[in-house]
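Below is one structure, written out as structure tokens, with a few remarks after it.
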Amino acid sequence: MTKEKFYTLLGELDGELICSAAHPPAKRRSAVLLRWASAAACVCLIAAGAGLWHAAGRAKPPAENSSAAEIAVESGEVTIYYTADGQLLSRTEYLPLTPQAVFSCWREANGIGEEVRLLHTEIRSNGTEYTAGESAAGYQTGDTFIYCITVSKELAQYCTGAENDPLPESLKRTMTGYGYINYSEFILNLE
Amino acid sequence: MEDSDIVALFWSRDEKAITETAAKYGSYCSSIAEHILGCAADAEECVNDTYFSAWNAIPPHRPRVLATFLGKLVRNLAFNRYNLRHAQKRGGHETALILDELAEIVSGKENVEDSVAERELLRELERFLRELPQEKRWIFLRRYWYSDSIGEIAKQLGKSENAVTVALNRLRKRLRDDLTKRGYVL
């Protein structure tokens with residue numbers, strides 16, 4: 001093969017790959033800094049958890065502007081699931097650990113247009129509904145959690161409607177796979 | 001304006017589609033064309049051709065991601081123009097360097113590749129790229145898809161040009177070895 005033909009062939013690469021290179025990758029912090037940040041976040045989470053326990057009882061949602069929530073808006077490795085030729089594949093991206101950032105990356109990876117938006121996220125735990133802010137920090141472990149997300153109805157046009165359509169599954173795995181919580185259920189609403 | 005709204009303008013044959021496309025993606029397209037052609041005037045003509053091609057292609061196409069659709073159009077048009085100019089021995093220094101780098105991966109022989117074999121090779125290239133760490137994938141695509149210079153890539157990453165050159169050398173070797181292992185002799 002000639003180099004010109006190879007260059008032309010590279011031009012046909014999947015749009016999702018091309019989009020992924022539109023902006024420079026997020027800079028990683030050094031491992032030492034990351035360890036210190038993680039340790040600091042743990043200390044703050046414990047302190048915030050203890051404070052919540054004493055002040056408001058176990059079932060209260062964390063304040064979104066609490067120090068725990070702020071610190072927990074970290075970047076990290078997120079597994080993004082996407083579909084290609086009817087198969088469910090995955091890749092790892094370094095992203096802010098927020099529902100919007102993860103959803104945007106999932107949307108891009110699946111070649112879904114910007115008209116599809118993440119409208120609302122909510123975590124239900126033991127009968128209490130929390131509005132998921134930009135962080136999942138502060139929730140108690142050991143409880144059961146249901147992750148509910150509302151996405152604009154335009155998503156439907158990208159789904160095949162078949163029972164084994166891998167697209168909803170890729171969204172479920174992506175959105176429930178990062179962070180600290182093990183979700184027992186995932187509910188997707190279109191609006 | 002959202003991509004879907006711009007595409008809707010193309011579909012309704014509203015010429016505002018061109019001005020909205022130029023407003024949102026003009027600099028993006030110009031950047032790709034300039035990198036390949038190395039000449040602002042040629043790049044501008046190429047970008048205008050891109051809008052014209054998009055006008056002719058939508059409808060029937062309904063691109064889901066307009067940026068990639070336009071990016072592919074402008075890259076192809078610019079490279080065709082580069083080949084024409086190269087035959088006349090004019091300009092396109094960066095593209096000549098990129099092609100020389102890619103020559104390390106391919107034999108340079110004119111093979112008769114059918115479209116099916118090319119699609120298979122493309123899938124292998126996509127698999128290879130998806131398996132790379134994010135930064136390595138970004139470097140490869142910026143160099144060989146967006147045709148960025150080594151200096152631009154280094155600046156964006158906050159690394160030295162030498163570090164980027166070494167990374168690209170390793171990536172080319174890794175790609176060649178990977179393809180060879182899978183039975184592709186290009």
Side-chain angles (χ1 to χ4, degrees), chain A residues 1-30 75-85 87-95 104-105 107-117 152-155 157-158 167, chain B residues 2-5 7 28 63-69 71-72 75-76 79-80 82-83 86 95 98-111 113 118-119 121-123 125-127 129-135 137-142 144-147 153 156-158 184-186:
Chain A
M1 180 178 275
T2 63
K3 54 193 180 183
E4 290 83 3
K5 192 154 190 181
F6 192 60
Y7 181 87
T8 306
L9 188 69
L10 287 172
E12 297 303 315
L13 284 171
D14 185 44
E16 165 262 317
L17 277 168
I18 308 311
C19 276
S20 74
H23 303 289
K27 283 180 185 164
R28 286 164 181 267
R29 281 180 286 178
S30 74
S75 290
E77 299 274 2
V78 177
T79 305
I80 304 291
Y81 291 86
Y82 60 93
T83 62
D85 299 328
Q87 288 188 319
L88 192 60
L89 305 171
S90 70
R91 67 168 201 250
T92 304
E93 297 285 354
Y94 192 74
L95 297 172
S104 296
C105 192
R107 186 174 62 187
E108 191 179 289
N110 283 281
I112 291 172
E114 292 169 7
E115 76 279 11
V116 177
R117 295 189 182 89
S152 54
K153 63 180 183 304
E154 287 81 4
L155 178 63
Q157 70 192 13
Y158 295 96
L167 191 66
Chain B
E2 296 286 342
D3 281 2
S4 52
D5 297 328
V7 172
Y28 165 77
R64 287 198 298 182
V65 183
L66 196 54
T68 344
F69 179 79
K72 287 185 177 185
R75 188 182 186 273
N76 283 342
F79 191 54
N80 287 343
Y82 165 83
N83 280 331
H86 191 64
T95 308
I98 288 170
L99 290 173
D100 285 346
E101 289 170 23
L102 291 178
E104 293 173 17
I105 302 169
V106 295
S107 66
K109 290 176 190 163
E110 286 279 4
N111 300 334
E113 289 100 0
E118 280 190 9
R119 298 310 297 175
L121 176 58
L122 194 58
R123 294 287 89 82
L125 289 169
E126 288 167 353
R127 176 201 48 78
L129 289 170
R130 287 197 172 100
E131 286 173 2
L132 287 177
Q134 190 185 13
E135 187 177 279
R137 184 169 65 235
W138 189 84
I139 291 174
F140 188 96
L141 289 169
R142 290 311 305 188
Y144 302 121
W145 201 93
Y146 288 89
S147 302
I153 295 170
Q156 291 269 6
L157 290 176
Y184 288 90
V185 181
L186 304 181

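These figures come from a predicted structure and were not determined experimentally. Per chain, numbering begins at 1; letters A, B, ... match sequence-line order.
- Here the side chains of A:Leu17 and B:Phe140 are not in contact, with every heavy-atom distance at 4.5 Å or above.
- If you measure heavy-atom distances from B:Ile105 to chain A, the contacts under 4.5 Å come from the side chain alone.
- Of the atoms belonging to B:Ile139, not a single heavy atom falls under 4.5 Å from chain A.
- A heavy-atom distance below 4.5 Å is found between the side chains of B:Leu141 and A:Leu13.
- Nearest heavy-atom pair, B:Thr68 versus A:Gly15, reported as atom, atom and distance to 0.1 Å: CG2-CA, 3.1 Å.
- B:Arg142 meets the salt bridge (Lys or Arg N to Asp or Glu O under 4.0 Å) test with B:Asp148; sequence neighbours excluded.
- Side chain of A:Lys3 to main chain of B:Glu104: no donor-acceptor pair is present (N/O by atom type, distance under 3.5 Å, no hydrogens or angles).
- Here the closest heavy-atom approach between residue A:Ser20 and residue B:Arg137 is recorded as OG-NE, 4.1 Å.
- Contact of A:Glu4 with chain B is made through backbone and side chain together, with heavy-atom distances under 4.5 Å.
- The residue among B:Tyr144, B:Phe79, B:Phe69 with the most heavy atom pairs within less than 4.5 Å of chain A is B:Phe79.
- A 4.5 Å side-chain heavy-atom check between A:Glu12 and B:Asn76 finds at least one atom pair inside the cut-off.
- Remark: the backbone N or O of A:His23 is paired with a side-chain donor or acceptor of B:Trp138 at under 3.5 angstrom.
- Contacts with chain B were tallied for A:Leu9, A:Ile18, A:Leu89, A:Thr8; A:Ile18 has the most, counting heavy-atom pairs under 4.5 Å.
- Contact check for B:Val106 versus A:Tyr7: no side-chain heavy atoms found under the 4.5 Å cut-off.
- Within the 3.5 Å criterion, the main-chain N or O of A:Asp14 finds a donor-acceptor partner in the side chain of B:Glu126.
- Within the 4.5 angstrom heavy-atom criterion, atoms from both the backbone and the side chain of B:Ala103 approach chain A.
- For B:Arg75, the part lying near chain A is the side chain, with the backbone staying farther off; criterion is any non-hydrogen pair under 4.5 Å.
- Here the CZ-CG distance, from A:Phe6 to B:Leu125, works out to 5.0 Å after rounding to the nearest 0.5 Å.
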List, one per line, each side-chain donor-acceptor pair under 3.5 Å for residues 109-117 of chain A, sequence neighbours excluded.
unit_1, atom_1, unit_2, atom_2, d
A:Asn110, OD1, A:Thr83, N, 2.9
A:Asn110, OD1, A:Thr83, OG1, 3.4
A:Asn110, ND2, A:Tyr81, O, 3.3
A:Asn110, ND2, A:Trp106, O, 2.9
A:Glu115, OE2, A:Gln157, NE2, 3.2
A:Glu115, OE2, A:Tyr158, OH, 2.5
A:Arg117, NH2, B:Glu2, OE2, 2.9

